[in-house]
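Note that the structure is a prediction, hence the values are computed from the model and not measured.
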Amino acid sequence: MAALTGCSSASGTPAAPPVKSSAPPGAPAASSSASAAPQGTGWAKWGLQPLPQAPAAPADKPIKLARTGTVPVFSEVPTKDKVVFITIDDGAEKDPKFVEMMNDLKVPISMFLTRDIVKDDYGYFKPLQALGNHIQNHTVDHPVMSKIPAERQKTEVCDDQAALTQQYGKAPLLFRPPYGDGAHTPTLNTSVQQCGPRAIVLWRESMQIHDMQYQAADKKLRPGDIILAHFRGPKDLKGETMTQMFGELLSRIQEQGFAVARLEDYIQAPTG
């Protein structure tokens, strides 16, 4: 695992520029963005200002997934809705206070979990899943994918897929390579196709401790941006907790007037 940027590259950005998809990622949402939109007294409990209400999930999903063929790679969702999407990687920190926070705020997240990091406590993530948050594939043990042979790339994706499907009752439809590495390579794309996920998901911003790293030069969020964060605690956050880091993330989003929507609500899963 990397330092604070974790799943980002050494420069803090994915290995290649984003590709907008006319093809496909993801799973149908367990609940709509509107119903998951955070409101109420729970925000004051955590010392936060409420975010704007997210709009209803679009009936016509802007990203549509195909059942077979090359999987798309994307780091933002084409939408005019003033929403961003929060994704949280790895699973090392299993702070019960974060589960409490999510129960209070009902902010939708997508979790990209690494088998060998979460296998000591698969159960921690089940209350988060019960809130309607989807669990997605992030390899077995977090390698730099372009530096391992094709067969091991396949094992990394397929074995995580099998473990997460068994533990959480639903096969992940999205995959994120550690550090964003190898996302645009044919070898990794083939492995993802063979193992079941139907898209590779990168990001536009990554949350550090108090602020975000932006790929855009103006350091501003844009509609449809995907934000990367991590399940991390005081050891990696210079003494801050997971809930403090997440509160800082929500404050950065609130300051720019964005709502948080559920990524999977904007994705049409394969049909047929």
Checking side-chain contact (heavy atoms from CB on, under 4.5 Å) for the pair Phe258/Leu51: CA distance, chi angles, key distance, verdict?
CA-CA 7 Å; Phe258 280 81; Leu51 295 176; over 6 Å; no
Begin with the C-alpha distance, continue with both residues' side-chain angles, and end with the deciding distance and a verdict on side-chain contact (heavy atoms from CB on, under 4.5 Å) for Leu105 and Leu250.
CA-CA 11 Å; Leu105 304 186; Leu250 296 179; 3.7 Å; yes
Would you check, one step at a time, whether the test salt bridge (charged side-chain N to carboxylate O under 4.0 Å, His left out) holds for Lys45 with Glu100?
CA-CA 11 Å; Lys45 170 182 172 180; Glu100 180 184 342; 2.7 Å; yes
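Not counting sequence neighbours, the partners of Lys61 by the side chain to side chain contact (heavy atoms under 4.5 Å, CB included) test are Ala57, Gln268. Partners of Thr241 by side-chain hydrogen bond (donor to acceptor under 3.5 Å, both in side chains), not counting sequence neighbours, listed by chain and number: Thr243, Gln244. In this structure Val83 satisfies the side chain to side chain contact (heavy atoms under 4.5 Å, CB included) test together with Pro55, Thr79, Asp81, Phe85, Ala259, Ala261, Tyr266, sequence neighbours excluded.
Between the side chain of Tyr124 and the main chain of Asp95, a donor-acceptor pair closer than 3.5 Å is present. Between the Gln136 side chain and the Leu173 main chain, a donor and an acceptor come within less than 3.5 Å of each other. In terms of modelled atom types and a separation under 3.5 Å, the side chain of Asp60 and the main chain of Pro62 share no donor-acceptor contact. Checked by atom type and distance alone, the side chain of Glu205 never pairs as donor or acceptor with a backbone atom of Ile227 at under 3.5 Å. Under a 3.5 Å cut-off, the side chain of Gln215 and the backbone N or O of Trp203 do form a donor-acceptor pair. Judged purely by atom type and a 3.5 angstrom limit, Gln129 uses its side chain to pair as donor or acceptor with the backbone of Tyr168. The backbone N or O of Gln49 sits nowhere less than 3.5 Å from a side-chain atom of Gln254 that would complete a donor-acceptor pair. The backbone N or O of Thr70 sits nowhere less than 3.5 Å from a side-chain atom of Asn189 that would complete a donor-acceptor pair. For Asp218 (side chain) and Lys220 (main-chain N/O), a donor-acceptor pair under 3.5 Å exists by modelled atom type.
Between Arg115 and Tyr122, the shortest heavy-atom distance links the atoms CG-OH, 3.3 Å. When all heavy atoms of Thr139 and Pro178 are compared, the pair lying nearest together is CG2-CD, 3.5 Å. Nearest heavy-atom pair across Ala229 and Leu249 is CB-CD2, 4.3 Å. Closest approach of Met102 and Ile109 over heavy atoms only: CE-CG2, 3.7 Å. Shortest non-hydrogen contact noted between Ala216 and Arg204 is N-NH2, 4.2 Å. Considering all non-hydrogen atoms of both residues, Ile253 and Leu221 come closest at CA-CD1, 4.1 Å.
Side-chain atoms of Ser110 and Glu264 include a donor-acceptor pair closer than 3.5 Å. In this structure, a donor-acceptor pair under 3.5 Å is absent between the side chains of Asp160 and His138.
Between Glu248 atom CD and Leu48 atom CG the span is 9.0 Å, to the nearest 0.5 Å. For the atom pair CZ of Arg252 and CG of Asp211, the computed distance is 5.5 Å after rounding to the nearest 0.5 Å. Atom CG in Leu202 sits 8.0 Å away from atom CD1 in Ile226 (nearest 0.5 Å). Taking NE2 of His134 as the start and CZ of Arg262 as the end, the distance is 6.0 Å to the nearest 0.5 Å. Thr187 OG1 to Glu151 CD: the interatomic distance, rounded to the nearest 0.5 Å, is 11.5 Å. From Met245, atom CE reaches atom NE2 of His210 across 11.5 Å, with rounding to the nearest 0.5 Å.
By the 4.5 Å heavy-atom criterion applied to side chains, Val201 and Phe175 are not counted as neighbours. Residues Lys154 and Val157 have side chains not in contact (no heavy-atom distance under 4.5 Å, counting atoms from C-beta outward). Looking only at side-chain heavy atoms (C-beta outward), Ile200 and His184 stay at 4.5 Å or farther from each other. Taking 4.5 Å as the limit, some side-chain heavy atom of Asp225 sits within range of a side-chain heavy atom of Glu76. Between Ser206 and Gln208 there is a side-chain heavy-atom pair separated by less than 4.5 Å. Using a 4.5 Å heavy-atom threshold, the side chains of Ile86 and Val107 count as touching. Side-chain atoms of Phe231 and Ile117, non-hydrogen and from C-beta on, never get closer than 4.5 Å to each other. Contact check for Arg198 versus Gln193: side-chain heavy atoms found under the 4.5 Å cut-off.
Between Asp181 and Lys147, none of the side-chain N atoms (NZ, or NE/NH1/NH2) sits under 4.0 Å from a carboxylate O, so this pair counts as no salt bridge. A salt bridge does not link Arg232 with Glu93: every distance from a Lys NZ or Arg NE/NH1/NH2 to an Asp or Glu carboxylate oxygen is 4.0 Å or more. Of the charged side-chain nitrogens involved, at least one lies within less than 4.0 Å of a carboxylate oxygen, so that Asp141 and Arg152 count as a salt-bridged pair.
There is a path of hydrophobic side-chain contacts, each under 4.5 Å, that joins Val118 to Val99.
When the options Lys119, Arg176, His142 are evaluated for a side chain to side chain contact (heavy atoms under 4.5 Å, CB included) with Thr114, the one that passes is His142.
Shown here is Lys219, whose NZ atom has no more than 12 heavy atoms of other residues, nucleotides or ligands within 6.0 Å.
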